[in-house]
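Data first, discussion second: the structure below is written as structure tokens.
Since we're looking at a predicted model, the values are computed, not measured. One-based numbering, in listed order, for ligands and for the atoms of each.
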Amino acid sequence: MAEKIRVLLSEEEVNKRISEIGQQISKDYAGRQVHLVCVLKGGSFFMCELAKRITVPVSLDFMSVSSYGGDTKSSGVVKIVKDLDEPLKDKDVLVVEDIVDSGRTLSYLLELLGQREPKSLALCTLLDKPERRVVDVKVDYTGFNIPDEFVVGYGLDYDQKYRNLPYIGVVEID
Ligand code: IMP
Ligand code: MG
């Protein structure tokens, strides 16, 4: 089976949109420090690019949850693989994700992080597939709404490949 990647969002388009979101976050969090929580591994490319474009003070932490195997379908199982290093109490927390699909991962994660008493808790995702939502999730910042297609690049993988693509592409399997 050969895989081909069709460009959905070019590097220029993605970078332009990340700059816009960075400006919006800098405005919304004026006078405060924003604590970015990156959901590994997918959120890492987006978080780094976003963090560089935020002008208020930023701190960072990382966590890893698993909901997908090597397949393109959600297992519905969410497990913490790596927890945060720092407590969230009294912090203005912004969770940074690559994509919201069924919403299962984020709904679980936001519930869990909310119990740690942050001062505020918001969600920023590079991509959203609204058609695929199974569990309701409030998204505060969205890069792009995309159709129901399996995408890779900018941190997103297919069987751990293609995370390093500097654009968003659709995997086409012949
Ligand atoms: P959800 O729990 O169904 O919302 O899935 C969220 C996670 O599934 C994301 O953080 C991704 O890791 C993965 N995922 C969902 N859709 C895609 C896709 O199109 N490409 C790559 N990974 C995806
Ligand atoms: Mg992810």
Hey, mind stepping through V7 and L9 against side-chain contact (heavy atoms from CB on, under 4.5 Å) and telling me if it holds?
CA-CA 6 Å; V7 178; L9 298 162; 6.0 Å; no
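- For ligand 1, the atoms sitting less than 4.0 Å from at least one non-hydrogen atom of E149 are 19 (O), numbered in the order shown with element in parentheses.
- Using a cut-off of 4.0 Å between Lys/Arg side-chain N and Asp/Glu carboxylate O, K89 and E117 are scored as salt-bridged.
- Using cut-offs of 30° and 60° for the angle between ring planes, the Y158 and F150 rings count as perpendicular.
- Listed by atom number, the atoms of ligand 1 under 4.0 Å from T105 heavy atoms are 1 (P), 2 (O), 5 (O), 6 (C).
- For D157, the heavy-atom gap to ligand 1 drops under 4.0 angstrom.
- In this structure, K129 is part of the shell of residues with a heavy atom less than 4.0 angstrom from ligand 1.
- For ligand 1, the atoms closer than 4.0 angstrom to any heavy atom of D101 are 1 (P), 3 (O), 4 (O), 5 (O), 15 (C), 16 (N).
- Residue D136 places its CG atom among 12 or fewer non-hydrogen atoms of other residues, nucleotides or ligands, all under 6.0 Å distant.
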For E13 and K16, run salt bridge (charged side-chain N to carboxylate O under 4.0 Å, His left out): C-alpha distance rounded to whole Å, both residues' side-chain angles, the deciding distance at 0.1 Å, then the answer.
CA-CA 5 Å; E13 283 175 279; K16 181 169 170 281; over 6 Å; no
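- Heavy atoms of L156 found under 4.0 angstrom from ligand 1 belong exclusively to the side chain.
- Listed by number with element, the atoms of ligand 1 under 4.0 Å from a non-hydrogen atom of R104 are 2 (O), 4 (O).
- In this comparison of S66, S102, G155, the heavy atom closest to atom 1 (P) of ligand 1 sits on S102.
- For ligand 1, the polar-atom distance check finds an N/O of G103 within less than 3.5 Å of one of the ligand's N/O atoms.
- Of the residues D83, D90, D61, the one that meets the salt bridge (Lys or Arg N to Asp or Glu O under 4.0 Å) test with R116 is D83.
- Near E97, meaning under 4.0 Å from one of its heavy atoms, ligand 1 places the atoms 10 (O).
- Looking at R132, R6, K129 one by one, the single match for salt bridge (Lys or Arg N to Asp or Glu O under 4.0 Å) with E149 turns out to be R6.
- Any N or O atom pair closer than 3.5 Å counts here, and V151 shares at least one such pair with ligand 1.
- A salt bridge does not link D98 with K41: none of the charged nitrogens is closer than 4.0 Å to a carboxylate oxygen.
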